[in-house]
Number of protein chains: 2
Amino acid sequence: MTESDERAAPTLEEVARVAGVSRSTVSRVINDMPGVSKRAKEAVTEAIAALRYVPNQAARSLVTRRTNSIALVVSEQGDRVFGDPFFAGVLRGVSAGMSAGHRQLVLMMGRTDVDDSVANYLCGGHVDGAVVVSLHGHDPLPKRLADAGLPVVVVGRPLGDTAVPYVDSDNMSGSLQAARHLVEIGRRRIATIAGPEDMAVGIDRLTGWRRGMTEAGLKPDLVVHSDFSGKGGAAAMAELLDRDPDIDGVFAAADIIAVGALRTLADKGRRVPEDVAVVGHDDSILATSTTPALTTVRQSVEELGRSATWRLLAQLEGETHLPPSVLLPTELVVRASTLIRP
Amino acid sequence: MTESDERAAPTLEEVARVAGVSRSTVSRVINDMPGVSKRAKEAVTEAIAALRYVPNQAARSLVTRRTNSIALVVSEQGDRVFGDPFFAGVLRGVSAGMSAGHRQLVLMMGRTDVDDSVANYLCGGHVDGAVVVSLHGHDPLPKRLADAGLPVVVVGRPLGDTAVPYVDSDNMSGSLQAARHLVEIGRRRIATIAGPEDMAVGIDRLTGWRRGMTEAGLKPDLVVHSDFSGKGGAAAMAELLDRDPDIDGVFAAADIIAVGALRTLADKGRRVPEDVAVVGHDDSILATSTTPALTTVRQSVEELGRSATWRLLAQLEGETHLPPSVLLPTELVVRASTLIRP
DNA sequence: CTGAAAGCGCTTACAG
DNA sequence: CTGAAAGCGCTTACAG
């Protein structure tokens with residue numbers, strides 16, 4: 001009859017009583033602090049096991065001001081997030097980056113530029129820090145979090161002049177290489193299907209392509225923007241062909257966009273790469289599943305997530321002299337969509 | 001100089017002082033409780049805005065014993081989770097199911113049958129409840145959580161006799177239909193590539209197929225197990241053909257397994273459906289991307305996640321008379337892989 | 001090496 | 001309608 005009728009969770013107090021020590025001592029054992037006799041430690045360990053004691057996190061973090069969890073914030077509607085290989089990759093990277101400590105991951109979704117319930121939650125002391133992905137326009141979220149004293153790392157360069165650290169792929173260099181490659185294989189009417197205008201990823205890839213065009217003495221005038229979808233890519237390609245039927249090269253700001261472009265090119269009777277050479281971006285699973293396989297700019301999405309998480313955790317550990325931001329290398333991978341067989 | 005040098009978060013105490021009321025009153029306003037004069041309410045609202053006050057969640061949940069967050073536990077290694085359309089679907093469903101309240105989702109991964117850090121966390125009062133997916137074998141997690149008083153809903157029937165509520169697709173009926181369909185189109189040497197033996201989903205789909213075979217007077221002896229991967233499916237199909245080269249029908253316990261089986265059948269020169277008819281399970285994105293398109297048992301993975309979440313939240317709201325478990329319907333979708341064109 | 005006591009920031013009866 | 005006070009379950013100086 002020693003069992004209480006209620007299945008109330010045992011507290012540190014009860015552990016102390018069972019072990020015959022003070023609360024302080026129990027706390028020291030739990031937190032693995034020095035200065036506890038072997039005898040006391042054993043008694044406490046035994047009591048914990050007997051009572052199946054688990055520390056109450058709320059009480060703990062009320063005093064330590066630590067929650068041992070970090071948030072991954074994806075500024076998109078939930079349904080757009082899942083199934084997109086980009087987010088899957090980032091999530092995998094974040095997940096891998098956390099493995100060391102026994103921190104937990106809180107996943108939050110929703111357009112943070114138009115709804116501030118996410119910001120409120122984050123400022124409520126619920127998490128120790130946040131990795132933020134897919135910011136749109138001049139989203140005030142990073143600044144707001146920084147002002148609230150919450151450590152943040154952004155995946156993908158944020159727009160505006162907020163000084164929050166970020167991790168990004170070197171989109172500019174990759175796109176420059178893509179443009180140069182199209183020039184090198186002899187293309188002269190080269191277009192680009194750029195990404196969203198309100199995201200740095202769209203802007204930077206466009207800038208790199210422009211630079212490649214300019215240095216080759218070509219006019220960077222064939223530009224159409226698209227969202228990251230096959231449908232968008234298909235429509236953009238159609239518009240480009242309307243504007244100039246003689247296009248012989250296209251750089252798409254994402255493989256998924258390139259997939260749509262390929263569809264339109266096939267519909268309009270253009271051979272790839274003979275008539276039009278196509279370069280994508282990401283080297284995602286899509287790049288090798290198209291016919292022909294896509295020449296593309298490789299970036300490691302998973303590494304993006306892993307680096308951001310590493311940066312965040314390092315900051316939480318109190319490390320100083322951390323790089324304000326990190327740029328991961330990109331690399332051109334040449335495949336059949338730009339390769340004319342002899 | 002009214003600003004403090006430290007950017008310490010304002011507390012309820014300070015809000016009370018600024019608003020000229022007691023802490024109780026501020027608390028009432030924050031929690032939208034009745035019995036506050038309009039005047040007091042306004043003063044508090046103003047003070048909250050001025051101080052940019054956000055309630056401290058730890059303090060709040062220490063007393064209310066509520067965290068306003070629920071966990072989605074996936075008992076798999078992180079890298080296996082992302083990119084698998086099944087988990088993406090469940091996650092989408094859970095996410096959709098939570099939209100109502102402003103609860104947060106904590107995503108946890110790791111084999112809970114061999115590592116109890118997840119269980120410890122969940123018992124630490126960090127979340128109000130949990131949706132658990134992809135349980136293997138006789139994982140003690142559900143029982144442990146139930147014992148700790150944490151509301152749990154499992155996606156996919158758990159093995160063993162734990163009385164936790166679960167949501168599952170009607171795997172048995174779907175598989176029975178698959179077997180009957182193969183019989184109806186005249187197949188006689190029908191094999192199955194079953195799922196993992198240590199998961200109910202594997203067992204139930206095998207049981208359904210067996211029943212279909214038996215009722216047709218066929219011997220249910222051509223069985224090989226596989227994990228949920230294309231590679232596994234390919235190997236299993238090869239083994240089946242070794243055991244009986246005259247196989248003319250196959251039911252694969254998942255589309256991804258069927259994809260592997262199709263590859264092996266092509267390699268061995270078997271035409272689908274002429275020589276071997278193939279039925280998959282799930283009606284995932286894969287089913288319509290193969291050649292030929294797959295006849296398959298449709299289940300709504302997203303609905304699985306949504307229902308489980310609904311059940312959990314209803315329980316948290318104190319609703320009674322909730323169904324102990326829910327079985328969602330499955331349906332056979334006939335496509336080219338079992339359809340012989342005249 | 002150990003314990004008594006204060007305090008983290010809230011909510012909740014209770015009394016007015 | 002309002003406020004003073006107790007208490008949630010921990011950690012952390014502080015004193016011994």
Side-chain angles (χ1 to χ4, degrees), chain A residues 4 6-45 47-48 51-68 120-121 123-126 128 148-149, chain B residues 4 6-45 47-48 51-68 120-121 123-126 128 148-149:
Chain A
S4 63
E6 280 261 277
R7 270 214 174 277
T11 69
L12 186 145
E13 176 97 45
E14 302 176 51
V15 174
R17 189 168 48 224
V18 170
V21 298
S22 73
R23 301 207 311 262
S24 314
T25 299
V26 177
S27 180
R28 286 185 193 106
V29 172
I30 289 169
N31 295 298
D32 214 32
M33 303 181 93
V36 181
S37 70
K38 204 178 157 199
R39 202 166 149 282
K41 192 174 216 159
E42 280 172 7
V44 170
T45 310
I48 286 174
L51 294 169
R52 297 183 134 276
Y53 170 74
V54 181
N56 177 307
Q57 273 300 333
R60 181 178 263 179
S61 64
L62 177 55
V63 32
T64 60
R65 293 164 172 294
R66 275 267 183 158
T67 65
N68 287 321
N120 282 332
Y121 179 87
C123 292
H126 242 313
D128 298 333
Chain B
S4 62
E6 281 261 277
R7 272 213 171 280
T11 69
L12 187 145
E13 176 97 50
E14 302 177 50
V15 174
R17 191 169 48 223
V18 170
V21 298
S22 72
R23 301 205 313 258
S24 313
T25 299
V26 177
S27 181
R28 286 186 192 104
V29 172
I30 289 169
N31 295 297
D32 216 33
M33 305 180 92
V36 181
S37 69
K38 203 178 160 200
R39 202 167 149 284
K41 192 175 216 156
E42 280 172 5
V44 170
T45 310
I48 286 175
L51 293 170
R52 295 182 134 280
Y53 169 74
V54 182
N56 178 307
Q57 273 301 333
R60 181 178 264 179
S61 64
L62 177 55
V63 32
T64 60
R65 291 160 175 297
R66 276 267 184 159
T67 66
N68 288 321
N120 282 331
Y121 179 88
C123 294
H126 243 312
D128 297 334

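For DNA chain D, runs of at least 3 consecutive pairs of the Watson-Crick or G-U wobble type, with both hydrogen-bonding distances under 3.5 angstrom, map to C:1-3 with D:14-16, C:5-12 with D:5-12, C:14-16 with D:1-3.
Atom OG of A:Ser61 and atom NE2 of B:His126 lie 6.5 Å apart (nearest 0.5 Å). Note that the OG1 atom of B:Thr67 and the CD atom of A:Gln57 stand 11.5 Å from one another [nearest 0.5 Å].
Of the candidates B:Val21, B:Val36, B:Val18, B:Val44 forms a side chain to side chain contact (heavy atoms under 4.5 Å, CB included) with just one, namely B:Val21. Screening A:Val54, A:Thr25, A:Leu12 for a side chain to side chain contact (heavy atoms under 4.5 Å, CB included) with A:Ile30, the sole residue that qualifies is A:Leu12.
Positionally, the nearest nucleotide of DNA chain C for A:Pro34 lies more toward the 5' end than for the other of A:Pro34 and A:Arg23. The residue among B:Val21 and B:Val63 whose nearest nucleotide of DNA chain D is located toward the 5' end is B:Val21.
For the pair A:Arg17 CZ and D:dC10 P, the computed distance is 13 Å after rounding to whole Å. The CD atom of B:Glu13 sits 9 Å away from the P atom of C:dC8 (whole-angstrom rounding). Going from atom CG of A:Leu12 over to atom P of D:dT12 covers 12 Å, rounded to whole Å.
Note on residues 22-34 of chain B: pairs passing salt bridge (Lys or Arg N to Asp or Glu O under 4.0 Å), not counting sequence neighbours, are B:Glu13-B:Arg23.
At a non-hydrogen distance threshold of 4.0 Å, A:Leu62 from residues 51-62 of chain A come into contact with DNA chain C. Listed in residue order, the members of residues 25-33 of chain B having a heavy atom less than 4.0 Å from DNA chain D are B:Thr25, B:Arg28.
By the side-chain contact (heavy atoms from CB on, under 4.5 Å) test, A:Arg17 is found to be paired with A:Glu14, residues two or more places apart in sequence or in another chain being considered. In terms of the side-chain contact (heavy atoms from CB on, under 4.5 Å) criterion, residue partners of A:Glu42 (sequence neighbours excluded) are, by chain and number, A:Lys38.
Within 4.0 Å of A:Ser24, counting heavy atoms only, lies at least one base atom of the nucleic acid.
Contact between A:Thr11 and A:Tyr53 at its shortest, heavy atoms only, is C-CE1, 3.5 Å. The heavy-atom pair separating B:Arg60 from B:Asn31 by the smallest distance is NH2-OD1, 3.5 Å. Across all non-hydrogen atoms, the minimal contact from A:Ile48 to A:Val15 is CG1-CG1, 3.8 Å. Annotation for A:Leu51 and A:Pro10: closest pair O-CG, 3.3 Å, computed over non-hydrogen atoms.
For D:dG9, one of the phosphate oxygens OP1 or OP2 lies less than 4.0 angstrom from a side-chain nitrogen or oxygen of B:Arg65. Using a 4.0 Å cut-off, some side-chain N or O of B:Ser22 falls inside it from OP1 or OP2 of D:dG3.
In this structure, the nucleotide among C:dC1, C:dG9, D:dC10 sitting nearest to the side chain of A:Ser37 is C:dC1.
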